[in-house]
Colleague: 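The structure under discussion is supplied below as structure tokens; questions concerning it will follow.
Lettering follows sequence order; numbering is per chain, from 1.
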2 protein chains.
Amino acid sequence: MPKKTIISMAVIKRLPKYYRYLGELLRNDVERISSKELADRIGFTASQIRQDLNNFGDFGQQGYGYNVRFLYEEIGKILGLTRTYNTVIVGAGNIGQAIANYTNFEKLGFHLKGIFDRNPKLIGISIRDIVIQDVDNLENFLKNNHIDIGIICVPKEQAQKIADIFVRCGVKGIWNFAPTDLSVPEDVIVENVHLSESLLTLSYRLNEAELFKGKTGR
Amino acid sequence: MPKKTIISMAVIKRLPKYYRYLGELLRNDVERISSKELADRIGFTASQIRQDLNNFGDFGQQGYGYNVRFLYEEIGKILGLTRTYNTVIVGAGNIGQAIANYTNFEKLGFHLKGIFDRNPKLIGISIRDIVIQDVDNLENFLKNNHIDIGIICVPKEQAQKIADIFVRCGVKGIWNFAPTDLSVPEDVIVENVHLSESLLTLSYRLNEAELFKGKTGR
DNA sequence: TAGATTGTTAATCGATTAACAATC
DNA sequence: TAGATTGTTAATCGATTAACAATC
């Protein structure tokens, strides 16, 4: 029986990883798995896995472990993958096009319904049968189509403006690739993908490693 | 004077954000800033900012705060931005091309030296004056060019194979866009960008309210 | 039944926040 | 000097790990 708890971000961020590993196990026809075995594969502790899962329900069985298919499906439900999501991409530059072309998201139930840009050279071009529209049509499009997730791939200077349009038109989820923080009401969820921050984290760690070169550990 | 401490991942991941905000302040000709003021802008606590910075040195001054330019430069040093990095991209599909075209990384000192793919239709094409080479040349290229960071943009099935080549050729940093976990020796740093995990986190949070609706606590 | 492994409580560890003396 | 704000220690909070009774 699921408990009414506020789940910490730390737990939430591990869920997709569980889902990915269980999906692999499933494809390899593994029927059951213990928290210990899963822990060894993922690199978590068995204790953490059991704690994490027990935030959502009693999915396992003493003496047996977890049924892979069942757990996979349960985590799918938890992640909201039993429904579909309509999305639009704003900004059809490098990243926008890459995301638009990435068909794996379709398989998970994220359906791309529109692509917008302000560059006349891009407007009218199709990506996966979706014609790039003038961003001036965005607001109107959002009023006529229910969109769950707006994907922001514009330069940082324009990101907040696009976010404001999303908010105004009832889009509740924003996947933000612009290197800036957006301000939105609290009922709107923003998930950031800040590539430069990721790269800088890498360069920090590269130099930290250099620093300890020749020494043991780490 | 930097202290010999092991810095936690939580702190490291905040550093690029400090760097970004300080860069903005600098461009807006802000000369000094207190931890309180910076906290209000970023959305951290002043205490946390002071704690974070004091892992690396005494950058502030009582009664004054922090000099924006000085702190910006110091964090740049900490992040390893006083040197340059040679990079290669393996996989010239959607994401690979997007990263290759993203010139902001050049400005930070990350220089793209090569792009590799196995698709004959892509080999020979140029992106930003860099000719896409056959991935069969990768190992040879790495032996003749010092590459600091290898960027993996191939499908997940081939990612580990590419990582192995990187490791074998002395590449110490891997920026991994393939939706899989790589196994590498501990002196090699892997920074993952798992886009589907990010998207699933968003869909979880979009549905979170629904998930616990009507369920009783304990 | 006996062994295995969960769900869950308790202990530990780490990270964040609060407080304040030091000092510019 | 007086006010401001740091650097740093102490207190709190939260997350992870360990332990084990429950039970399949």
Side-chain angles (χ1 to χ4, degrees), chain A residues 1-15 17-18 21-22 25 30-72 74-75 78 201 204 218, chain B residues 1-15 17-18 22 25 30-72 74-75 78 201 204 215-218:
Chain A
M1 173 71 72
K3 294 155 215 165
K4 196 159 76 183
T5 328
I6 290 156
I7 308 296
S8 79
M9 240 353 228
V11 174
I12 297 169
K13 289 205 174 294
R14 283 191 292 268
L15 292 174
K17 202 161 173 177
Y18 292 133
Y21 274 85
L22 288 163
L25 289 167
V30 178
E31 256 179 45
R32 69 176 199 86
I33 194 155
S34 67
S35 57
K36 171 76 171 65
E37 222 177 318
L38 190 57
D40 290 343
R41 286 177 190 256
I42 305 195
F44 297 161
T45 63
S47 208
Q48 179 165 69
I49 291 177
R50 293 203 300 280
Q51 286 277 25
D52 282 355
L53 296 178
N54 275 95
N55 282 301
F56 301 99
D58 295 355
F59 302 130
Q61 202 169 68
Q62 283 96 330
Y64 172 87
Y66 299 87
N67 177 283
V68 172
R69 179 178 301 277
F70 176 73
L71 187 56
Y72 175 77
E74 286 301 314
I75 294 178
I78 293 164
T201 301
Y204 171 87
R218 280 185 61 75
Chain B
M1 177 63 71
K3 294 157 212 164
K4 203 160 49 180
T5 327
I6 289 157
I7 308 296
S8 79
M9 239 354 228
V11 174
I12 296 169
K13 288 205 176 294
R14 283 191 293 267
L15 291 174
K17 203 161 174 178
Y18 292 132
L22 288 163
L25 289 167
V30 178
E31 256 178 45
R32 67 174 200 87
I33 194 155
S34 68
S35 57
K36 173 75 171 62
E37 222 178 318
L38 189 57
D40 290 343
R41 287 176 188 255
I42 305 194
F44 297 161
T45 63
S47 209
Q48 180 165 70
I49 291 177
R50 293 204 301 279
Q51 286 276 24
D52 282 354
L53 297 178
N54 276 95
N55 282 301
F56 301 100
D58 295 356
F59 301 130
Q61 201 169 69
Q62 283 96 332
Y64 172 85
Y66 300 86
N67 178 282
V68 172
R69 179 178 299 277
F70 176 73
L71 187 56
Y72 176 76
E74 286 301 313
I75 294 178
I78 292 163
T201 301
Y204 170 86
K215 304 271 169 68
T216 45
R218 289 168 64 97

Colleague: What would the secondary structure line of DNA chain C be in dot-bracket form, counting Watson-Crick and G-U wobble pairs under 3.5 Å, with [ ] for pairs that cross earlier ones and | for pairs with another strand?
Modeller: ..||||||||||||||||||||||
Colleague: Measure from CD1 on A:Ile6 to P on D:dC13 and round the result to the nearest Å.
Modeller: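 Between P of D:dC13 and CD1 of A:Ile6: 15 Å.
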Colleague: Heavy-atom distance under 4.5 Å between the side chains of A:Ile7 and A:Leu15, does that happen here?
Modeller: no
Colleague: Could you give the CG-to-P distance, from B:Asp58 to C:dA22, as a whole number of Å?
Modeller: 16 Å
Colleague: Would you check if B:Phe70 and B:Ile75 make a side-chain contact, meaning some heavy-atom pair closer than 4.5 Å?
Modeller: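 B:Phe70 vs B:Ile75: side chains apart.
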Colleague: How many whole angstroms separate atom CG of B:Asp52 from atom P of C:dT17?
Modeller: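 Value for this atom pair: 10 Å.
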Colleague: Between the side chain of A:Arg14 and the main-chain N/O of A:Asp52, is any donor-acceptor distance below 3.5 Å?
Modeller: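 No; judged by distance alone, with no hydrogens or angles, the pair does not exist.
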Colleague: Please state whether the base of D:dT9 and the side chain of B:Gln51 form at least one donor-acceptor pair under 3.5 Å?
Modeller: yes
Colleague: For B:Arg69 and B:Glu31, indicate whether the former's side chain and the latter's backbone hold a donor-acceptor pair under 3.5 Å.
Modeller: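 No, B:Arg69 side chain to B:Glu31 backbone: no donor-acceptor pair under 3.5 Å.
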Colleague: Just wondering, do A:Asn67 and A:Phe59 contact through their side chains at under 4.5 Å, heavy atoms?
Modeller: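 When only atoms from C-beta onward are counted, A:Asn67 and A:Phe59 do not touch, as no gap falls below 4.5 Å.
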Colleague: B:Arg14 side chain: which of C:dT16, C:dT6, C:dT9 is closest?
Modeller: C:dT16
Colleague: With a 4.0 Å cutoff (strictly under), does any side-chain N or O of B:Tyr66 reach OP1 or OP2 of D:dG7?
Modeller: yes
Colleague: Within this structure, what is the CG-to-C1' distance between A:Asn67 and D:dC24, rounded to whole angstrom?
Modeller: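 Rounded to the whole Å, the gap is 14 Å.
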Colleague: Please report, rounded to the nearest Å, how far the P atom of C:dT17 is from the CG atom of B:Asn54.
Modeller: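 Spelled out: CG on B:Asn54 to P on C:dT17 is 16 Å.
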Colleague: Could you tell me how far apart B:Leu71 (CG) and D:dT5 (P) are, to the nearest whole angstrom?
Modeller: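 After rounding, the gap between these two atoms is 15 Å.
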Colleague: Return the value, rounded to whole Å, for the distance between atom CG of A:Asn55 and atom P of C:dT8.
Modeller: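 Going from CG in A:Asn55 over to P in C:dT8 covers 11 Å.
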Colleague: Is A:Tyr72 close to A:Tyr21 at the side-chain level, that is, under 4.5 Å between some pair of heavy atoms?
Modeller: no
Colleague: For A:Ser8 and A:Gln62, take the nucleotide of DNA chain D holding the closest heavy atom to each; which residue's nucleotide lies nearer the 5' end?
Modeller: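 The 5'-side residue here is A:Ser8.
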Colleague: Between the base of D:dT5 and the side chain of B:Gln61, is there a donor-acceptor distance below 3.5 Å?
Modeller: no
Colleague: Could you give all pairs that pass the side-chain hydrogen bond (donor to acceptor under 3.5 Å, both in side chains) test and reach residues 38-51 of chain A, with sequence neighbours left out?
Modeller: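 Only A:Ser35-A:Arg50, A:Lys36-A:Asp40 qualify under side-chain hydrogen bond (donor to acceptor under 3.5 Å, both in side chains).
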Colleague: In residues 34-50 of chain A, which residues come under 4.0 Å of DNA chain D by heavy atom?
Modeller: A:Thr45, A:Ser47, A:Gln48, A:Arg50
Colleague: With the side chain counted from C-beta on, respond yes when A:Lys17 and A:Phe44 share a heavy-atom pair under 4.5 Å apart, and no when they do not.
Modeller: yes
Colleague: Side chains of A:Leu53 and A:Leu71: does their closest heavy-atom pair fall under 4.5 Å?
Modeller: yes
